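Being a predicted model, the structure only gives us computed values, none of them experimental. Scope of the values below: all heavy atoms of this structure, side chains included, with no hydrogens, waters or symmetry mates.
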Amino acid sequence: MATVAGLDEALAAVDAFDRALVAGLLRPRPDRVGDLTGLGRAVAGSPLAARVAEAAEKAAAGAASEDHFVALAAARTALFGAVHDALTAGVDEATGRTREERAAADPAARPAVNLLAAARTWLSDLARAGWQGIDHDLAGGAAPIVSAMLPHPELRRLGTLLDGFAAELAASCPGAALERIPARRWGDLWSRALLLTRPGAAGQSAAGTATGRLLPLGVDLHEHATAAQAQVHAVFEPADGTAPRLVRAAVSVPKPDTVVEAGVWQLLRPHLSLLAALGEGRAMELDAMPLTDEGDLIWDDTRARKGDQADALTTARVLLPTATALPTAPLDRHPARIAEPVFLEGYVRSQDGDTLTFDVAGQALSVDTDRIPTASPLTPEAVAASHACIGLLRWDGGGFRLQPLAVETTVRKKTVAVHAGAWAGGTTDKAGVRAEKAATDAVTVLRERAGRLLRK
């Protein structure tokens with residue numbers, strides 16, 4: 001794909017501002033003043049120009065207010081949004097994909113309660129102290145705010161973000177002793193949280209419904225010590241005969257750290273029947289399933305039933321080239337969020353140590369085999385021997401990389417398909433069966449212990 005003009009400059013402006021956040025904005029060092037004013041110059045041609053210029057000037061003088069911090073967070077978010085849009089446009093051009101446009105919706109009603117102001121104050125204190133200045137008292141300041149937010153559905157998104165952010169900061173205290181600071185990640189969390197404190201910034205609820213056939217392409221599995229998430233990427237064929245669309249459906253669950261590998265599916269499966277259909281290679285028939293403007297299905301098992309057999313690689317060959325993509329929500333426009341389903345075949349494979357590369361029409365594309373879940377039969381070796389692949393095109397480390405979801409390869413002179421989600425609905429694989437049994441035993445023990453504690 002062609003080089004994106006201005007991309008390096010936009011990322012450099014964000015990195016400069018993040019360096020200023022590391023040291024803190026209470027008394028910015030003289031060498032950090034340029035990092036702040038650079039953010040203002042980067043958005044000089046936008047409607048944010050005047051507000052951000054003023055905010056950068058005040059921050060450089062150590063006199064920034066909460067409103068000034070909001071303006072700086074908006075500028076940082078806008079730059080990442082511009083990078084996201086430019087990269088996505090390049091993907092659309094390379095794949096021939098059409099992206100639907102939607103008129104901007106009116107902001108969702110959201111009360112301007114004191115809790116939002118309290119969150120802004122805490123986030124502003126973080127910016128003044130900087131990541132090097134965090135301590136347990138500062139990180140712990142979010143706890144009462146989070147506790148008060150979580151009972152309110154309209155504030156739960158922000159409350160959850162603040163809770164996780166504060167936990168990361170607390171685990172890293174004192175900031176002055178950190179050898180490495182995740183400046184971009186913490187800058188992302190800080191900016192997003194600060195913008196969510198503005199009334200009306202909450203995400204939109206489901207905007208419509210989907211009736212028709214859902215054809216899964218693959219599943220992206222994320223696993224952490226205490227949580228797991230599965231996001232299914234699929235093509236939706238509307239019953240009214242309109243063009244197919246790219247959609248997603250996701251489920252997240254808490255997870256004991258003793259549940260690993262294939263056992264994770266056991267936790268996810270009861271909450272999303274789509275996983276069982278994916279594992280069996282079936283389509284699903286949807287009846288008025290809630291669908292957001294951004295292409296996310298709000299899954300309801302009562303509105304779905306299993307359909308006929310549907311091979312994901314066939315779906316990718318036939319329908320993926322004509323499927324339209326839905327737009328991205330404003331606050332989700334970030335290059336790290338890019339995950340575009342693509343289908344590749346006829347590529348030339350090359351291996352250099354642990355680095356696998358597909359040469360596609362003369363373009364080298366690095367394959368991210370580290371993202372292949374251990375809870376699946378898909379392996380780096382299978383990907384390296386493949387001749388067709390469904391994957392997610394992601395932007396990582398300054399370039400595009402391919403995350404494999406399924407491949408077509410040859411085993412004993414026969415063409416076979418290997419899927420990352422093949423065990424989602426259950427498995428007869430010996431390793432998978434052992435992991436599922438271990439997960440059952442672990443969850444049973446934990447439930448018994450929890451029951452005893454509740455009875456005391």
task = Apply side chain to side chain donor-acceptor pair (under 3.5 Å) to Arg213 and list each qualifying residue two or more places apart in sequence or on a separate chain.
result = Glu237
ask   = Does a donor on one side chain and an acceptor on the other come within less than 3.5 Å for Trp299 and Asp301?
value = yes
ask   = So which pairs with a foot in residues 233-274 pass ring-ring contact (aromatic ring centres under 6.0 Å, His included), sequence neighbours left out?
value = none
Criterion salt bridge (Lys or Arg N to Asp or Glu O under 4.0 Å) against Glu340, the qualifying member of Arg394, Arg401, Arg99 = Arg99
task = Answer with yes or no whether the side chains of His334 and Asp332 bring together a donor and an acceptor at under 3.5 Å.
result = no
inquiry  = Donor-acceptor pair, distance only, cut-off 3.5 Å: does the side chain of Arg245 make one with the backbone of Ala323?
reply    = no
inquiry  = Which heavy atom of Leu392 sits nearest to which heavy atom of Ala339, and what is that distance?
reply    = CD2-O, 4.0 Å
inquiry  = Looking at Thr197 and Arg120, would you say the former's side chain and the latter's main chain have a donor-acceptor pair under 3.5 Å?
reply    = no
query = Does Gln351 use its side chain to pair, donor to acceptor, with the backbone of Gly353 at less than 3.5 Å?
reply = yes
ask   = Should Glu294 and Arg248 be marked as a salt bridge (Lys or Arg N to Asp or Glu O under 4.0 Å) after you check the CA-CA gap, both sets of side-chain angles, and the distance that decides it?
value = CA-CA 9 Å; Glu294 292 79 44; Arg248 301 170 296 267; over 6 Å; no
request  = Could you tell me whether the side chain of Arg282 and the main chain of Ala277 form a donor-acceptor pair under 3.5 Å?
outcome  = no
inquiry  = Test of understanding: with side chain to side chain contact (heavy atoms under 4.5 Å, CB included), list the residues that count as partners of Glu381, not counting sequence neighbours.
reply    = Thr379
Parallel, tilted or perpendicular: ring planes of Phe358 versus Tyr347, cut at 30 and 60 degrees = parallel
